[in-house]
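Notes for the one structure printed next.
We count ligands from 1, going down the list as the structure has it; atoms in each ligand are counted the same way.
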Amino acid sequence: MDYNALSELLFPDVTDTPEALEEKYPPRNLPEGAVVSRMGPSPTGFVHLGNLVQGMTSERMCHQSGGVLFLRVEDTDSKREVPGAIEMLIEGLSHYGINFDEGAVLGGEKGSYGPYKQSLRGPIYHIYAKKLVQEGKAYPCFCTEEELAAMHSAQEAAKENFGYYGKYAVWRDRSMEDIKAALEEGKPWVLRFRSEGSIEHKIKFTDGIKGALELTENDIDHVLLKSDGIPTYHFAHVVDDHLMRTTHVVRGDEWLSSLPLHIQLTAALGFKLPKYLHVGTLQKMDGTSKRKLSKRKDPELALSFYREQGYPTQSVYEYIMTILNSNFEDWRRANPMAPVGDFKFSPKKMNPAGALFDENKLRDVSKDVISRMTAAQVYDGVLDWAQEYDPGFVELLERDPDYARAILAIGRGGKKPRKDFAVWSEVKPYMSFFYPEIFEPDYTAPEGMSADDMAEILRAYYRQRVRFGNESHTSLEADSAAWFEGVKELAGELGYCPDTKLYRSEPEKWKGSVGDVSMAIRIAVCGRQQSPDLYEVMRVMCSVDGGLFIGRLKCAAEALGADTAGWDE
Ligand code: GLU
C-alpha cells in the first residue's frame, strides 16, 4: 500500500506539517519542575463538585510550582453544547480562586498555544491525521452504522470482546482500489487508528494519584476522526496536550480505561507522554454502602447548590481540601489564621478511590471557617448571599450596618470563637431576636421553674434595671462582671443561691441558683434558651434601643400570664 498516496487522497488540502506546528508551539520556557496543566470541560452547562476537585488539584499543582493553568474548551460534541456554559464554568471556578492563566476567558481567549476551543482546531488535527496515514498508522473505514451494529451482535452471540479489532477490523488492510471506489461512491468514512497492541500484553504505568498500575494493552482500532472530520476525545486529547505543552493531565478516572490507547497514540505520533493523574470520582454514603454522587439523585453535586444554601466559598474550598489531602485538617489546626494558599498540596495524598463527600463534615468545616472571619467579613458574606436569596433580610442588615456588625461581633475573635452557623441562611434566625420585625420568641420557662417564678424574676430584674438605668432604660453596668454582681444580688433577694457551687452542695436550701435566674432573663430577652453572652447581647441592644430588652421583660412576663401593670409603681 502506498500510504503517502492514501494520505493525499484522504487529506488533499492539508499542506502544513507537524514540524511547522512544533515551531509554532515551542516547549514552554518555564523553570524546572513547573507544572503545566489544564481543564478540558465539555460545555454542557453543568458545573459540579468534580470540576472543583479537578480544578483545585490542577490549580494547586500549577501555581505552587510556578507553572501554567489553562482552560481548553472540549466542544467536539456540539449536541451537548449549552450556550453560556463556559462562562458559567469560568465564573463558577473563579469564586473558588481557580483562575486560568491562559486559554478560554470571558469573551475570547488568551495565550499563545491556542486556539483553545477544539472546534477551532480542525486543521491542526488533520495535519496529524495525515501524518498517521502517511506512516501506515491510521486508515479510513467505511463501515455503516448497520454493519457496526451487526458486528456488535455477532460478538455478543460469540461471547467475544466488543469493538473493531482482529477479524472485525474489515477496512484495516483494504486495497487502495476498494478505498478509492468507496470514496468515489461518496460513502462517509471515519479515520481509525491501526492498533499494534494485544490484550495478551500488559502495560506498567505509574499514575500520579493511583500509583503503580498494570493495564491491558489496547487492541482496538479506535476512531480518531469522525465522519464529519471532527476528532474524538482520544485523538484531540493527545494532540492538544502535546501542542499545548501540558506536563500533567489531571482528569476524571473514567478515562483510565482509555489510557492504553492514549499511550499508544502518543507513541505513534512521536510525542512525549505527559504525566497522568486520574482523580477518583466523589462518593457518598448511601445507607451503609458507598456510591458515586449522581447528577440525578444528589443536588449537592452541583456547585450552584452551595451558593444557594449559603455556604461561603472558603468553606467549600477548605472542605474539598480536607477530603483531598489527608493532612490538611492538621495543618489548619496548627495554622488557624494562615491563608489557605500556604498549605502545601500534594496529589500523592489524594485517595486513589475517590474522596468521600459528607455534608455534615462540610458543615463543621464551614462553622470553623466562619468562626475565623471578622464580623465585617461575616456581614459582607451574609449580605451578598441575602441580596440574591433573602431581600427582606437585606433591608434589616442595611438599615444599620454597624448594629448588624456589632451583633455579629459577639463571641468572635477570642481563643474559642463561637460556631453558631455553617451557612449564611442560618444567620437570620441567629440574629432574629435583635430585630423585632423577625423576632419569634418562645417564652417557655426553663425546666423546673414555674411561669409565676419566672415572671417574678423578670419583674425583679425589670425593677433593678429601672432603678439602675436612666429614663430610657438604656444603661447597663459597665462590664459583664458588674452586671452579673447585680444578677447575683437579685438572685439572693428572691431565694436563689447566688453561687452555683454552693447551690450544688445544698440545693434543698434554695429555689434554684443564679444560673436559673440568668436563664429566665435570657429567655425573656432572646426568646430562647441558647444565645451568645447575655451581657453582650443586652449591651448591643442598648446601643440602639435600650427599650428593646427592657420591653421584652414585660412581654415575656405577660406571655407567662403575669400582670405587669404595677411594675412601674
Ligand atoms: N472533556 C473531557 C471531560 O469533560 C476532559 C477530560 C480531560 O481533562 O482530558 O471529561
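For Tyr168 and Glu160, the side-chain atoms include at least one donor-acceptor pair closer than 3.5 Å.
Ligand 1 lies within reach of Ser42, whose nearest heavy atom is under 4.0 Å from it.
The salt bridge (charged side-chain N to carboxylate O under 4.0 Å, His left out) test with Asp173 is passed by exactly one of Arg192, Arg194, Lys167: Arg194. Remark: of the listed residues Lys117, Arg38, Arg121, Arg121 is the sole one forming a salt bridge (charged side-chain N to carboxylate O under 4.0 Å, His left out) with Asp240.
The N/O atoms of Arg38, backbone and side chain alike, include one that comes under 3.5 Å of an N/O atom in ligand 1. Considering backbone and side-chain atoms together, Tyr233 places an N or O closer than 3.5 Å to an N or O of ligand 1. In terms of polar-atom proximity, Trp255 is counted as a contact of ligand 1, with an N or O under 3.5 Å from an N or O of the ligand.
Note: Phe235 and Tyr125 have tilted aromatic rings, judged against thresholds of 30 and 60 degrees for the angle between ring planes.
The atoms of ligand 1 that sit less than 4.0 Å from any heavy atom of Gly40 are 1 (N), 2 (C), 3 (C), 4 (O), 5 (C).
Residue contacts with ligand 1, taken as heavy atom pairs separated by less than 4.0 Å, do not involve Gln54 at all.
Surrounding NZ of Lys275 are at most 12 heavy atoms belonging to other residues, nucleotides or ligands under 6.0 Å away.
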